[in-house]
Undergrad: 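Supplied in C-alpha cells, the structure appears directly below.
Each chain gets a letter, A, B and so on, in the order the sequences are listed, and its residues count up from 1.
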2 protein chains.
Amino acid sequence: MTYTLAEEDYLKTIYKIAERQGVPVSTSAIADLMQTRPASVTDMLKKLAEKDLIDYKRYHGVSLTKAGARWATQLIRKHRLWECFLVDKLGYNWDEVHEIAEQLEHIQSDTLIDRLDDYLKNPKFDPHGDPIPDASGAYRMRYQILLSDLEIGQQAILVGVREHTSTFLQYLDQNNLALGVNLEILEVLPYDGSLRLRLAEENPLLISGQVARQLYVRQITSAV
Amino acid sequence: MTYTLAEEDYLKTIYKIAERQGVPVSTSAIADLMQTRPASVTDMLKKLAEKDLIDYKRYHGVSLTKAGARWATQLIRKHRLWECFLVDKLGYNWDEVHEIAEQLEHIQSDTLIDRLDDYLKNPKFDPHGDPIPDASGAYRMRYQILLSDLEIGQQAILVGVREHTSTFLQYLDQNNLALGVNLEILEVLPYDGSLRLRLAEENPLLISGQVARQLYVRQITSAV
DNA sequence: TTCGTACTTTAGCCTCGTCTAAATTTAGAC
DNA sequence: GTCTAAATTTAGACGAGGCTAAAGTACGAA
Ligand SMILES: [Mn+2]
Ligand SMILES: [Mn+2]
Ligand SMILES: [Mn+2]
Ligand SMILES: [Mn+2]
C-alpha cells in the first residue's frame with residue numbers, strides 16, 4: 001500500500017494533534033495546523049476513512065486507526081531521521097531542516113530509511129530532542145516537564161523544544177540555550193512569570209514565561 | 001521560480017532525448033520514454049512553452065530554451081549526486097538507486113544539493129559513469145566510444161553504461177564488468193558480432209553485440 | 001500532384017486536492 | 001427546552017495532470 005503526499009501529511013497532522021490534545025481531533029484543528037480550509041479537511045477525512053486510516057463520524061472529529069497510526073509513526077520516523085542527516089552530516093543548523101525533512105519524509109522506498117538509520121548509527125532523538133521511532137514504530141517517550149513548571153533553586157537539563165519555528169530556535173541559539181545545557185532557576189518574577197536562569201559559566205539569563213512554556217527539561221534529582 | 005514534479009520530469013526527458021537524438025524532440029518520443037500518452041504530452045508542452053522553458057511549434061516538436069536547459073541540467077546534477085550518496089554512503093548497488101534518485105531529485109531547497117555535493121567530496125561521475133554537472137551546470141563530456149566499435153587486440157577501460165535497467169546492470173555484475181575494469185578484445189565473431197573479451201585474471205568472457213553496444217569504454221592508447 | 005498512413009492535436013472526460021459560499025448540525029447560554 | 005453562535009459539511013467550481021476517441025496535419029510513395 002502507498003499513499004499520496006497529501007494523505008501522508010494529513011495522517012501526520014492528526015497524529016500530532018491527538019498526541020497533544022487527545023482524541024477526537026477536530027476538523028478545524030487540522031485545518032489550522034495545515035494552513036488549509038475546513039472544507040478541504042472534510043473532503044480528505046472522507047477519503048482517509050474510506051481507506052480505513054481513520055475513524056470518522058460526521059461532526060464529531062476523527063481518530064487514527066491502528067493502520068493510520070502505524071503509517072503516521074513511520075512518517076515521523078522518516079522526518080526525524082532525515083533531520084538528523086541534515087544536521088549531523090550536511091552541517092545544517094536545527095532551525096533550517098524542518099522544511100526539507102517535510103519533503104524528504106515522503107520518499108517512497110522499502111529500504112531507504114532503514115539504511116539511513118544505520119548510516120546515522122541509529123539515533124534515538126532528532127536535533128530538536130524528539131524521539132525517533134524504530135522500524136517497528138516503537139519509541140520511548142522522553143522524560144520531560146516544562147521549564148515553566150520548575151521552582152526556584154531546581155536544576156535541570158534542556159532536553160526538547162515544544163515550538164519548532166525558526167525564529168524561536170534562533171532565539172535559543174542567541175542565548176546559548178542548546179539541547180543538553182544545564183540550568184538552574186534563580187528567580188521567578190511574580191509579575192509576568194519571567195524566569196531568571198543560571199547557565200554554566202555565564203551571566204544569568206532572563207527569559208519570558210512564554211519561552212519557558214516552550215522548553216522541555218529533565219529535572220536533575222537534587223544530588224547528595 | 002519553482003516547477004512541479006511533472007514539469008521537471010518532462011524537462012529532463014526532453015533534455016535526454018535531445019542529447020541523444022538531437023532536436024527537435026517529437027511528442028511521441030517523449031510519450032514513449034515517460035510511459036504516457038501523446039495527448040498528455042501535447043498538453044504539457046503547451047504549459048512548458050507558456051513558461052518559456054521550451055520552444056514549441058505545433059506538429060514540429062520541441063527544443064529546450066536556455067532556461068529549460070539550465071533547469072534540466074540542475075535536475076540531472078541532483079539525480080546523479082543523490083545516486084552517489086545512495087551508493088557511496090548507504091551501500092546500495094548501482095542497479096538499485098535510479099528509482100529513489102528519481103524522487104530525491106525533486107526536493108526543493110536552495111542549499112541542499114550544494115551541501116550534499118561537498119559532503120560527497122564533489123564527485124565528477126555518478127555510479128553509472130555519467131558526468132555530474134557542477135553548480136553552474138557545466139560538466140565535461142566523458143571521453144568514450146562504444147565497446148562494439150573496438151577492434152581485435154585493442155585494450156580499453158569500461159567507463160560507462162548506455163542502458164540503465166536493473167537487469168542489464170545485474171548482468172554486468174554477474175560477469176565482473178564493473179566501471180574501471182580493464183579489458184581487451186580477443187575475438188569478434190563474424191556471425192553475430194559477439195565479442196570475446198579478456199578481463200584481468202579471468203577466463204575469457206563472451207558477450208553479445210547487443211551488450212557491447214551498451215557499454216562505453218575509453219581506449220588505452222597502445223603503450224610503448 | 002495526389003493519396004494514405006503515421007504522427008499530432010483537439011475535445012471531452014476523469015481523479016486529486018484545493019477553494020468559496022451556502023446549508024446543516026452541535027452545543028452552550030438562557 | 002429553545003435559541004443562537006460556532007463548527008462542520010455539502011454543493012459547485014477550478015487547476016494540474018492524466019486518459020480515450022475523433023479530427024487534423026505532414027510527408028513519403030506512387
Ligand atoms: Mn510532509
Ligand atoms: Mn524535529
Ligand atoms: Mn523524477
Ligand atoms: Mn545514474
Side-chain angles (χ1 to χ4, degrees), chain A residues 1-14 17-18 20-64 68 71-72 75 102-103 105-106 108, chain B residues 1-14 17-18 20-64 68 71-72 75 102-103 105-106 108:
Chain A
M1 187 69 338
T2 183
Y3 303 105
T4 67
L5 187 148
E7 288 170 337
E8 290 192 333
D9 278 342
Y10 273 96
L11 287 177
K12 205 164 54 111
T13 299
I14 294 166
I17 297 171
R20 293 198 174 196
Q21 269 107 61
V23 288
V25 172
S26 75
T27 300
S28 54
I30 298 169
D32 280 355
L33 208 56
M34 297 195 67
Q35 317 237 62
T36 184
R37 296 297 172 171
S40 309
V41 174
T42 299
D43 287 344
M44 180 58 85
L45 294 184
K46 289 186 207 161
K47 291 173 199 165
L48 295 177
E50 191 58 43
K51 299 183 181 188
D52 289 321
L53 293 167
I54 61 173
D55 290 315
Y56 172 48
K57 233 183 86 193
R58 269 158 77 253
Y59 292 102
H60 292 88
V62 298
S63 58
L64 292 174
W71 202 270
L75 283 168
E102 199 58 45
Q103 301 174 60
E105 71 193 1
H106 302 288
Q108 312 266 4
Chain B
M1 186 71 333
T2 183
Y3 303 104
T4 67
L5 187 148
E7 288 170 336
E8 291 192 332
D9 278 342
Y10 272 97
L11 287 177
K12 205 164 53 111
T13 299
I14 294 166
I17 297 171
R20 293 199 174 194
Q21 268 107 61
V23 287
V25 172
S26 74
T27 300
S28 53
I30 298 169
D32 280 355
L33 209 54
M34 298 195 66
Q35 317 237 63
T36 185
R37 297 296 173 173
S40 308
V41 174
T42 300
D43 287 344
M44 180 58 84
L45 293 184
K46 290 185 207 161
K47 291 173 199 165
L48 295 177
E50 191 59 42
K51 299 184 181 190
D52 290 319
L53 294 167
I54 60 174
D55 289 316
Y56 172 49
K57 233 184 86 194
R58 268 161 75 254
Y59 290 102
H60 293 89
V62 298
S63 58
L64 293 174
W71 201 271
L75 283 168
E102 200 59 46
Q103 301 174 60
E105 71 193 1
H106 303 288
Q108 312 266 3

Undergrad: Work out which heavy atom in B/A72 is nearest to a heavy atom in B/L11; give both atom names and the distance.
TA: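 Answer, listing the atom of B/A72 first, then B/L11: CB-O, 3.9 Å.
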
Undergrad: Suppose the criterion is salt bridge (Lys or Arg N to Asp or Glu O under 4.0 Å): which pairs have a residue in residues 33-49 of chain A, not counting sequence neighbours?
TA: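 For residues 33-49 of chain A, and leaving out neighbouring residues, there are no salt bridge (Lys or Arg N to Asp or Glu O under 4.0 Å) pairs at all.
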
Undergrad: Hey, does B/Q103 have a side-chain heavy atom less than 4.5 Å from the side chain of B/L5?
TA: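 No, their side chains stay 4.5 Å or more apart.
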
Undergrad: Any side-chain heavy-atom pair from A/E105 and A/E8 closer than 4.5 angstrom?
TA: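 No. Closest side-chain heavy atoms not under 4.5 Å.
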
Undergrad: Would you check if A/Y3 and A/K51 make a side-chain contact, meaning some heavy-atom pair closer than 4.5 Å?
TA: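 Yes; the side chains approach each other to less than 4.5 Å.
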
Undergrad: Rounded to the nearest 0.5 Å, how far does CE of B/M44 lie from CD1 of B/I54?
TA: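 If we round to the nearest 0.5 Å, B/I54:CD1 and B/M44:CE are 9.5 Å apart.
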
Undergrad: Where is the tightest heavy-atom contact between B/V23 and B/A18, given as atom of each residue plus distance?
TA: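 So the two residues come closest at CG1-CB, 4.0 Å.
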
Undergrad: Atom CG of A/L75 and atom NE2 of A/H106: how far apart are they, to the nearest 0.5 Å?
TA: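 The distance works out to 6.5 Å.
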
Undergrad: What residues in residues 22-35 of chain A put a non-hydrogen atom under 4.0 Å from any atom of DNA chain D?
TA: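 Correct list: A/S26, A/T27, A/S28.
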
Undergrad: For DNA chain C, note the earliest and the latest nucleotide, 5' to 3', having some atom under 4.0 Å of a heavy atom belonging to chain B.
TA: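 On DNA chain C, the outermost contacted nucleotides are C/dT8 to C/dT10.
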
Undergrad: Considering only heavy atoms from C-beta outward, does the side chain of B/Y10 approach that of B/T36 to under 4.5 Å?
TA: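 Heavy-atom side-chain distance check passes, below 4.5 Å.
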
Undergrad: Shorter than 3.5 Å, N or O on both sides, protein versus nucleotides 13-17 of chain D: list them out with atom names.
TA:
unit_1: D/dG17; atom_1: OP1; unit_2: B/T4; atom_2: OG1; d: 2.5

Undergrad: Tell me, do B/V25 and B/T13 make a side-chain contact under 4.5 Å, heavy atoms counted?
TA: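 In short, these two side chains do not touch, never coming nearer than 4.5 Å.
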
Undergrad: Which residues, if any, of residues 56-64 of chain B bring a heavy atom under 4.0 Å of DNA chain C?
TA: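 Contacts with DNA chain C under 4.0 Å: B/Y56, B/R58, B/Y59.
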
Undergrad: Using side-chain heavy atoms (C-beta onward) and a distance below 4.5 Å, is A/R58 in contact with A/T42?
TA: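 Side chain of A/R58 against side chain of A/T42, heavy atoms only: no contact under 4.5 Å found.
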
Undergrad: Roughly what angle, to 10°, lies between the helix axis at the start of the helix from C/dT1-D/dA30 to C/dC30-D/dG1 and the one at its end, five pairs per end?
TA: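 Axis-to-axis angle, ends of the helix: 10°.
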
Undergrad: Distance check, rounded to the nearest 0.5 Å: B/K12 atom NZ versus B/I14 atom CD1?
TA: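 Going from the NZ atom of B/K12 to the CD1 atom of B/I14 covers 12.5 Å.
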
Undergrad: Any side-chain heavy-atom pair from B/M34 and B/V41 closer than 4.5 angstrom?
TA: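 In short, these two side chains do not touch, never coming nearer than 4.5 Å.
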
Undergrad: Can you tell me how far apart NE2 (B/H60) and CG (B/D55) are? Round to the nearest 0.5 Å.
TA: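 Answer for the NE2-CG pair, B/H60 versus B/D55, is 14.5 Å.
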
Undergrad: Hey, does B/V62 have a side-chain heavy atom less than 4.5 Å from the side chain of B/I30?
TA: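 B/I30 reaches B/V62 side chain to side chain.
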
